[in-house]
Amino acid sequence: MTDSKYFTTNKKGEIFELKAELNNEKKEKRKEAVKKVIAAMTVGKDVSSLFPDVVNCMQTDNLELKKLVYLYLMNYAKSQPDMAIMAVNSFVKDCEDPNPLIRALAVRTMGCIRVDKITEYLCEPLRKCLKDEDPYVRKTAAVCVAKLHDINAQMVEDQGFLDSLRDLIADSNPMVVANAVAALSEISESHPNSNLLDLNPQNINKLLTALNECTEWGQIFILDCLSNYNPKDEREAQSICERVTPRLSHANSAVVLSAVKVLMKFLELLPKDSDYYGTLLKKLSPPLVTLLSGEPEVQYVALRNINLIVQKRPEILKQEIKVFFVKYNDPIYVKLEKLDIMIRLASQANIAQVLAELKEYATEVDVDFVRKAVRAIGRCAIKVEQSAERCVSTLLDLIQTKVNYVVQEAIVVIRDIFRKYPNKYESIIATLCENLDSLDEPDARAAMIWIVGEYAERIDNADELLESFLEGFHDESTQVQLTLLTAIVKLFLKKPSETQELVQQVLSLATQDSDNPDLRDRGYIYWRLLSTDPVTAKEVVLSEKPLISEETDLIEPTLLDELICHIGSLASVYHKPPNAFVEGSHGIHRKHLPIQHGSIDTGESPVSTGPTAALDQPQVIPSQGDLLGDLLNLDLGPPVNVPQVSSMQMGAVDLLGGGLDSLVSPKPCIFSVSQILKKVFVRVFWSQVLLRLHCFVFLCSFGVIPTTPLPIHTPLMPNQSIDISLPLSTIGPVMKMDPLNNLQVAVKNIIDVFYFSCLIPLNIFFVEDGKMERQVFLVTWKDIPNENELQYQIKECHLNADTVSGKLQNNNIFTIAKRNVEGQDMLYQSLKLTNGIWILAELRIQPGNPNYTLKIGASLFLSLQAYRPIDRSSVYKVVLEGCQT
């Protein structure tokens, strides 16, 4: 009889009976009783009262009974910590049992019992098991170290278990090596800069040796570890690739994807003109194709990963486009993913095949798939210019089918084709207009309205067509309303005499009868443009539009590089970095592809660098075009007293460039807001009301506030402006901004409160007493932890060390020491921010090389108690942007 019988009883007084059976002298009775207890526990009954009786059953040679008791202990030890201590002696005894299975079972169970009182007794048995003669016990103990670290990290470090784990990497048994790597990898996730694995050529060789002999999951652990290693040169990278390549033919798809991840990363280090590079690309193709012959779920995971690979290196699968042709029995999620990859691989050489397939797909019965197929035809037209005419012809054929959703999707993509190829395919507009009455979806209606407005001069009855949409204006979606408003304004500017009444009607509907703020604001802007300066309105509304690109759906390059490093994980399926969907992901270290061949920095330095050294940080400060000024046409650019800054650096100050003289001045720094205020008063108000300022408020990370009231002594009349300089200080309240040098300002007058923001040049916050004593510098430099250090590249700076030192000192960045190491000038510098944070830096300058290496560390000295501590990472970000030329 099967064990299902234990789940069918539902008697009263069952606990009492179980208690008696657990204390029975016969072993079989006790075993049966423990099974009943586990069954009751499994279905949710509370059997914790039997804890002492179950623990008494641990003293047995029966392995099955011991497993059941351990299972019970793992479940109830947390709720009965005091009683769980009773089992400690049995655990310690079992850890010395002659049977290796029992030794491993004991140490595994102790690691799973998350009770502090028990973990302190685990150390000695675990230490013995890590050096056990049996490999099964050693590999179990390796995993137990990771579990213990999760419970009490400090204990693991104090007891030297991390060193024992590192020693296991050299173990003779490949499974022990794999588990040691897995444990160290898991621990290092919570300590991203600790370099626990200590990857070096010797250890890498040991891992590659174990790779051929361990189980499939052991291979995955080792391959994931290899993907975090940065070879010192292309020769080592090629050697590793050669030893990893056989894993591509493994039966387990997870092993294949892990091997692909390693090879994709190391391809960055191989010269593209080498024979091996081309050979490796060819070897990557077959295993990826093979993954598509598995179950639909496996296919989907493979396709999501292939999507990333194709975006990074389309040449790998450029000859395999037929593999991605859709099969009739594919699930919809597989079909849609295949379709996406087909478009990415489409080229002039295979466009005929692709279009034939897509036209066939457009006649399927699945509506979502048909829509995606029609959209794909439009993407082909935009991507492959030579095929545009054929794609348009195909779309017209589909429109003639009169299938409603096909027609509507075709009109949407034809609008995009018009954007890509203006004045080329306008002859088909008449055909599109014939289907006007059948359009009932917002996207299609908006696309048709855009086409009519854009080419109104070529459509005789354009005003009638747009007027037909206007009849149900309030019933339309916001997207259609906005498009219709713009289209009628375009029509008016092209045919003013015929459509004056129509434009007045739509402006009235948008501004007076609508509750939508976006629609109302756009209506007011058009109304004022048309009433104030029709010539300017024509230049704005009818301006030449930028051509659209097929690259709009590609993943941003920095994110793509990070996702390539996560091939084979959930991140590669979601197409999101782990910190976007993993709770508590602040400890997850962000991965990057290795530095391109030829730019690997092998230089030594007195300060160690973390894994992110020499990587450019992503630009996170929004461009000024994204701020409020874009909407109201405010001049939020740099003030007149501050040198202009390029939009690519967005707030960075050229501390090493030639335009520095205006920043070096003996008088106090005054940050002018005159241009901002002038534009606020001129652009925002059109009424004839006197504008008297009531309040002026600043918010900033560094406590910036005005030292004097804003000196506006007379009211401003409409269209009047004045220039004002406002001295600022850093003694105000602190509120953390992003970025830190962002200044938010609120202006209140008799009409309303108006808000805007601007970036203050960073060097303004470098104070004059930022020169640290040499001895203090040396001590502080050594005390800065690795995670507080960052390396950065300053490129294209043609200055010698003395000139750099002088220019930086003029901006309160002081050189503490200078020395020459192997022909490199090393400048050790300090600066202090107004909020008491010290930044220490090492600047390496190689004569004749325009690229400098900057290494910085931050130490927080809160000399001014009024300031709150500010997140170091944000400080690094702003300092780096400020120091970049």
Side-chain angles (χ1 to χ4, degrees), residues 332 335-336 339 355 358-382 388-422 424-491 499 502 505-506 509 519 548:
I332 183 62
K335 287 181 177 179
L336 295 178
L339 207 54
L355 277 180
L358 293 177
K359 190 173 182 180
E360 188 69 26
Y361 301 159
T363 61
E364 294 279 345
V365 294
D366 191 308
V367 176
D368 289 336
F369 182 54
V370 170
R371 288 180 183 277
K372 188 79 179 279
V374 175
R375 208 173 303 138
I377 295 173
R379 286 174 60 188
C380 284
I382 295 169
E389 190 166 344
R390 186 184 297 180
C391 291
V392 171
S393 175
T394 303
L395 289 170
L396 286 177
D397 290 343
L398 293 174
I399 289 175
Q400 296 303 326
T401 63
K402 300 297 182 182
V403 178
N404 187 263
Y405 55 86
V406 174
V407 172
Q408 301 197 80
E409 202 64 47
I411 288 176
V412 172
V413 298
I414 286 174
R415 183 222 13 223
D416 294 337
I417 294 173
F418 283 170
R419 285 287 307 275
K420 176 69 174 178
Y421 309 106
K424 193 170 182 181
Y425 299 107
E426 284 71 23
S427 58
I428 68 172
I429 292 177
T431 305
L432 302 182
C433 292
E434 292 174 3
N435 296 276
L436 206 59
D437 296 335
S438 64
L439 306 182
D440 54 16
E441 295 175 6
D443 284 345
R445 290 173 73 83
M448 193 67 227
I449 291 169
W450 183 89
I451 293 171
V452 173
E454 188 69 17
Y455 300 100
E457 70 278 9
R458 306 188 184 191
I459 304 174
D460 296 334
N461 61 337
D463 53 341
E464 296 177 9
L465 296 177
L466 293 179
E467 190 173 5
S468 66
F469 286 103
L470 200 59
E471 293 172 359
F473 185 79
H474 291 301
D475 298 326
E476 300 284 3
S477 67
T478 302
Q479 176 188 5
V480 175
Q481 289 177 336
L482 289 167
T483 309
L484 184 56
L485 172 61
T486 303
I488 291 178
V489 171
K490 287 179 183 177
L491 177 63
T499 56
L502 185 62
Q505 184 181 354
V506 74
L509 288 170
L519 182 62
I548 63 172

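Small disclaimer: the values here were computed from a predicted structure and weren't measured.
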Indicate yes or no: at least one non-hydrogen side-chain atom of [X] is less than 4.5 angstrom from one of [Y].
X	Y	answer
I377	V413	no
L491	L502	yes
R445	F469	yes
L432	M448	yes
V370	V365	no

Inset, instruction - Compute both the distance and the angle, then confirm whether K372 meets the cation-pi test with F369: under 6.0 Å from the six-membered ring centre, within 45 degrees of the axis. - result: no

Inset, instruction - Before giving the answer on side chain to side chain contact (heavy atoms under 4.5 Å, CB included), spell out for Y455 and K490 the whole-Å C-alpha distance, their side-chain angles and the decisive distance to 0.1 Å. - result: CA-CA 9 Å; Y455 300 100; K490 287 179 183 177; over 6 Å; no

Could you pull out the closest heavy-atom pair between [X] and [Y], with the gap in Å?
X	Y	result
T483	A446	CG2-O, 3.3 Å
A381	I417	CB-CD1, 3.8 Å
Y421	A388	CE1-CB, 3.7 Å
V452	I459	CA-CD1, 3.9 Å
I411	A444	CG2-O, 4.1 Å

Legend entry - Heavy-atom donor-acceptor pair, Q481 side chain to Q479 backbone, under 3.5 Å: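 Answer holds: no.
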
Sequence neighbours left out, cut at 3.5 Å: what donor-acceptor pairs do the side chains of residues 391-409 make with other protein atoms?
{"from": "T394", "atom 1": "OG1", "to": "R390", "atom 2": "O", "distance (Å)": "2.9"}
{"from": "D397", "atom 1": "OD2", "to": "K359", "atom 2": "NZ", "distance (Å)": "3.3"}
{"from": "T401", "atom 1": "OG1", "to": "L398", "atom 2": "O", "distance (Å)": "2.4"}
{"from": "K402", "atom 1": "NZ", "to": "N435", "atom 2": "OD1", "distance (Å)": "3.2"}
{"from": "N404", "atom 1": "OD1", "to": "Q408", "atom 2": "NE2", "distance (Å)": "2.6"}
{"from": "N404", "atom 1": "ND2", "to": "S438", "atom 2": "O", "distance (Å)": "2.8"}
{"from": "Q408", "atom 1": "OE1", "to": "D440", "atom 2": "N", "distance (Å)": "2.9"}
{"from": "Q408", "atom 1": "OE1", "to": "E441", "atom 2": "N", "distance (Å)": "3.0"}
{"from": "Q408", "atom 1": "NE2", "to": "D440", "atom 2": "OD1", "distance (Å)": "2.8"}
{"from": "E409", "atom 1": "OE1", "to": "R371", "atom 2": "NH1", "distance (Å)": "3.1"}
{"from": "E409", "atom 1": "OE2", "to": "R375", "atom 2": "NE", "distance (Å)": "3.0"}
{"from": "E409", "atom 1": "OE2", "to": "R375", "atom 2": "NH2", "distance (Å)": "3.2"}

